[in-house]
J.: 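Quick one: this structure, given as structure tokens, is what I'll be asking you about.
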Amino acid sequence: MTEPLNTGSHDLPVTEELAAFMRTGWAESRRSEVSARPIAPWAAKRRAALAARFPGERLVIPSGRLKVRSNDCDYRFRPHSAYSYLTGGNESDDVLVIEPSGEGVLYVRPRAPREEGQEFYRDRRYGEFWAGPRPDLAEAQELYQMRCAHIRDLDLKGPARVLRGVDESVDARVSPGGGDAELESFLAEMRLVKDEWEVGELRSAVEATVRGFEDVVRALPQALGHPRGERYLEGVFGLRSRLEGNAVGYESIVASGSHACVLHWIRNDGALRTGDLLLLDAGVESDTLYTADVTRTFPLSGRFSPVQRQAYELVHQAQEAAIAALRPGARFRDFHLAAMRVICDGLREWGLLKDSTDTLMETGLYRRYTLCSSGHMLGLDVHDCARSRAEVYLDGVLEEGNVLTVEPGLYFQPDDLTLPEELRGIGIRIEDDLVVTSDGARMLSSGLPRGADEIESWMGAIL
């Protein structure tokens with residue numbers, strides 16, 4: 001049975017004469033420059049580890065389907081992170097199957113041959129002339145260094161564990177089993193410790209992000225004069241992300257003034273005022289889909305006011321304490337607790353909170369001004385490994401090779417009457433990306449300054 005073409009509502013009919021004409025007269029289309037992707041040997045080790053965890057079972061991991069943005073226009077495709085981790089692939093509609101023997105087979109939707117049918121010039125979703133060429137089977141095997149087969153030959157009869165919620169057509173063909181949730185958890189947990197290749201990709205993403213932050217500071221004079229200065233800066237960082245990577249790893253937070261008190265401010269439609277702070281939380285996603293996640297808060301004037309500096313230095317001290325707590329064997333939650341003790345000490349010294357630090361840590365009253373935790377795992381997803389079991393991740397211990405963010409913050413809401421007026425509307429976060437080493441942690445984002453004096457010097461040198 002031939003799959004219907006995705007031709008759109010305004011497609012013109014094709015005569016028999018045109019169809020015959022379109023089937024002939026084309027040069028050989030196989031790409032001679034195709035070579036194995038650098039990730040291929042690492043992906044093979046990961047598939048072997050997955051097969052060893054579920055011996056004798058069939059495992060199904062789809063890449064995902066295209067998603068409609070509006071009408072007949074799709075979002076730019078990004079594969080599910082587990083699929084990317086195990087294959088290095090980035091095409092939609094593909095499915096990885098780990099057979100009971102342990103062999104991995106990649107079922108792909110190759111580009112349609114010119115001599116067969118009309119997909120290549122009429123199908124708006126998959127046609128080569130509409131969406132660009134997909135690898136053919138021979139090219140796919142060279143790229144991924146594994147056995148590849150046509151997606152139409154995928155047989156999903158019989159028992160299997162499936163990574164569900166990624167491809168509805170795959171979900172519908174395999175009866176739900178009790179082991180699917182266990183597969184999903186393990187696919188997240190096996191990414192908690194990064195291998196050498198992953199750390200290199202994350203380092204490259206962070207280095208590009210550093211350049212993007214420098215671009216933003218350089219663009220401040222123009223952005224300050226624009227009624228949507230936040231969006232101006234979002235565009236500046238987005239340009240760097242597309243030039244050096246796949247895109248941004250998440251929607252950039254460009255928050256000036258009291259917008260910085262909104263943890264996930266992504267509207268980015270505000271103006272910039274010279275006396276305010278700017279909180280920039282942004283990361284470049286590499287072409288291999290590993291993302292940086294860095295935050296800096298800096299004065300739009302180039303100089304912190306005394307009250308801004310006071311708040312900034314408290315957050316900086318909290319981050320220093322958190323980073324010092326990172327080491328193999330430490331509980332994952334320890335670095336956050338170390339940061340919060342510093343925050344509590346500071347809020348008490350300022351007279352905002354009266355109880356002892358121990359009491360505040362127990363009651364959590366300080367959270368009115370901090371709101372959230374101080375970091376998370378980082379990798380293919382900005383909040384990486386989120387489907388891991390709590391006892392392995394949130395309640396687990398750090399290991400060498402974990403990559404995580406450390407990002408304490410203070411968020412003084414503009415309408416908070418418990419605060420002196422000069423603090424209201426100030427939001428500060430400092431976030432860095434670190435890899436846990438044998439004796440502590442190494443900062444990947446050290447290319448950006450953190451201290452208040454260093455921030456001012458850095459801005460002065462760029463502007």
Side-chain angles (χ1 to χ4, degrees), residues 202-226 228-245 248-249 252-257 259-260 268 270-286 291-320 323 405-410 426-434 441-463:
L202 284 162
R203 184 184 302 110
S204 296
V206 171
E207 290 170 353
T209 298
V210 169
R211 290 186 284 275
F213 274 63
E214 293 168 348
D215 294 340
V216 166
V217 172
R218 199 172 290 115
L220 283 178
Q222 294 78 28
L224 280 162
H226 197 283
R228 286 189 169 184
E230 291 177 344
R231 199 158 288 184
Y232 190 110
L233 298 179
E234 178 186 11
V236 168
F237 187 86
L239 175 61
R240 175 67 65 175
S241 299
R242 289 290 284 164
L243 290 177
E244 294 204 37
V248 291
S252 300
I253 298 170
V254 189
S256 63
H259 290 166
N268 301 339
L272 309 179
R273 296 190 304 175
T274 303
D276 284 343
L277 297 175
L278 178 78
L279 188 156
L280 176 63
D281 185 336
V284 173
E285 179 184 73
S286 70
T291 185
D293 181 8
V294 178
T295 306
R296 287 296 183 269
T297 307
F298 46 85
L300 288 169
S301 66
R303 294 284 178 181
F304 290 99
S305 71
V307 70
Q308 290 169 348
R309 176 179 282 268
Q310 178 187 22
Y312 185 92
E313 288 181 342
L314 179 55
V315 175
H316 185 211
Q317 292 163 12
Q319 193 198 33
E320 293 278 74
I323 292 171
T405 71
V406 176
E407 51 173 319
L410 282 173
I426 290 178
I428 296 170
R429 181 164 63 252
I430 310 171
E431 179 180 21
D432 285 279
D433 304 340
L434 300 102
R442 182 175 73 253
M443 187 174 292
L444 300 175
S445 47
S446 58
L448 286 174
R450 293 187 295 131
D453 290 340
E454 290 76 18
I455 289 283
E456 290 179 347
S457 298
W458 170 68
M459 294 183 69
I462 293 175
L463 289 170

J.: Decide yes or no on side-chain contact (heavy atoms from CB on, under 4.5 Å) for Leu444 and Leu434, but give the supporting numbers first.
T.: CA-CA 5 Å; Leu444 300 175; Leu434 300 102; over 6 Å; no
J.: Do the rings of His226 and Tyr232 sit parallel, tilted or perpendicular, given the 30° and 60° boundaries?
T.: tilted
J.: Is the backbone of Gly275 close enough, under 3.5 Å, to the side chain of Gln308 for a donor and an acceptor to pair up by distance?
T.: yes
J.: Okay, side chain of Arg273, backbone of Leu300: is any donor-acceptor separation there less than 3.5 Å?
T.: no
J.: Taking Gly270's backbone N and O only, do any of them form a donor-acceptor pair with Glu230's side chain (distance below 3.5 Å, no angle check)?
T.: yes
J.: Run the numbers on Phe237 and Asp215 for side-chain contact (heavy atoms from CB on, under 4.5 Å), then give the verdict.
T.: CA-CA 7 Å; Phe237 187 86; Asp215 294 340; over 6 Å; no
J.: To the closest 0.5 Å, what do you measure between CD (Glu454) and CD (Glu456)?
T.: 9.5 Å
J.: Roughly how far, to the nearest 0.5 Å, is the OG atom of Ser256 from the CG atom of Asn268?
T.: 9.0 Å
J.: What distance do Gln310 atom CD and Leu410 atom CG have between them, rounded to the nearest 0.5 Å?
T.: 10.5 Å
J.: Quick one: does Ser252's side chain have a donor or acceptor within less than 3.5 Å of a partner on Val248's backbone?
T.: no
J.: Roughly how far, to the nearest 0.5 Å, is CG of Leu280 from OG1 of Thr297?
T.: 8.5 Å
J.: Is the closest side-chain donor-acceptor distance between Ser445 and Asp433 under 3.5 Å?
T.: no
J.: Does this structure show an ion pair linking Arg450 with Glu320, if we count only N-O contacts that are shorter than 4.0 Å?
T.: yes
J.: Can you check salt bridge (Lys or Arg N to Asp or Glu O under 4.0 Å) on Glu207 and Arg203, steps first, answer last?
T.: CA-CA 6 Å; Glu207 290 170 353; Arg203 184 184 302 110; 5.1 Å; no
J.: Check Glu313 with Arg309, please: is the shortest side-chain N to carboxylate O separation under 4.0 Å?
T.: yes
J.: Measure the acute angle between the ring planes of Phe304 and Tyr312, then classify it against the limits of 30° and 60° as parallel, tilted or perpendicular.
T.: tilted
J.: Can His259 and Leu278 be said to form a side-chain contact (heavy atoms from CB on, under 4.5 Å), step by step?
T.: CA-CA 9 Å; His259 290 166; Leu278 178 78; over 6 Å; no
J.: Atom CG in Leu279, atom CD1 in Ile428: separation rounded to 0.5 Å?
T.: 8.5 Å
J.: Do Glu431 and Thr295 meet the criterion of a side-chain donor-acceptor pair at a distance under 3.5 Å?
T.: yes
J.: Measure the spacing between CD of Gln319 and CG of Leu314 and express it to the nearest 0.5 Å.
T.: 12.0 Å
J.: Give the intermediate values and the outcome of side-chain contact (heavy atoms from CB on, under 4.5 Å) for residues Leu220 and Leu233.
T.: CA-CA 8 Å; Leu220 283 178; Leu233 298 179; 3.8 Å; yes
J.: Could you report the tightest heavy-atom contact between Arg429 and Asp281, atom names first, then the distance?
T.: NH2-OD2, 2.9 Å
J.: Trp458 versus Glu214: any side-chain heavy-atom pair under 4.5 Å?
T.: yes
J.: Look only at the side chain of Thr405 and the backbone of Glu407, and say whether a donor-acceptor pair between them is shorter than 3.5 Å.
T.: no
